[in-house]
Amino acid sequence: MIKLELEISEVEYETLLNLLPKVGEQLRQSGNPVGMLLSNGMSAGMAKRVLSTLSQEQKDKLAADLINGSSQKIIGKTEEVARQNGVGLKIASLEAKVR
C-alpha cells in the first residue's frame with residue numbers, strides 16, 4: 001500500500017457556500033455548527049455572513065468537514081483523472097484533518 005498525503009495551504013472559503021446546501025446533513029451529523037444552522041433553513045446570504053464571522057480554525061474545520069462529507073465523490077473523480085492519465089489505481093480512503 002502507498003500512502004499519499006496532501007497539504008492544502010489555501011482555500012477559497014466563499015466557494016464553499018455553493019456546497020453548503022448539498023452537504024448540510026453531513027455537516028450536521030459531524031457536529032459542525034454550520035450544519036445545524038443549515039438544517040434550520042439558513043439562507044445563502046446568512047451563510048455568507050456566518051462564514052465571515054468564523055475564525056480561521058473554524059473555517060478550516062468547515063472545509064475539512066465538507067471534504068470528508070464528499071470523500072467518496074472526490075475519490076471517484078481522482079481515480080477517474082488518474083485513469084485518464086494512464087495510471088490505474090484504487091483509493092482506499094480519504095480524510096481531511098485540521099492541523
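Quick caveat: nothing in here was measured; it's all calculated off a predicted structure.
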Exercise for the section: Please identify each residue that fulfils side chain to side chain donor-acceptor pair (under 3.5 Å) with Lys61, with sequence neighbours left out. Expected result: Asp65
Practice task
With sequence neighbours left out, write down each residue that passes side-chain contact (heavy atoms from CB on, under 4.5 Å) with Ile8, or none if nothing qualifies.
Solution key: Val11, Ile67
Exercise for the section: Please identify each residue that fulfils side-chain contact (heavy atoms from CB on, under 4.5 Å) with Glu95, with sequence neighbours left out. Expected result: Asn68, Lys97
Show every donor-acceptor pair shorter than 3.5 Å between a side-chain atom in residues 52-59 and any protein atom, with sequence neighbours excluded, or say none if there are none.
unit_1, atom_1, unit_2, atom_2, d
Ser52, OG, Arg49, O, 2.7
Thr53, OG1, Val50, O, 2.7
Ser55, OG, Gln58, N, 3.1
Ser55, OG, Gln58, OE1, 3.2
Gln56, NE2, Tyr13, OH, 2.9
Gln56, NE2, Asp60, OD1, 3.1
Gln58, OE1, Ser55, N, 2.8

Completion exercise
For Glu7, the salt bridge (Lys or Arg N to Asp or Glu O under 4.0 Å) test, sequence neighbours excluded, returns Arg99
Please tabulate, one pair per line, all N/O donor-acceptor pairs under 3.5 Å involving side-chain atoms of residues 80-92, not counting sequence neighbours.
unit_1, atom_1, unit_2, atom_2, d
Glu80, OE2, Gln84, NE2, 3.4
Asn85, ND2, Val81, O, 2.8

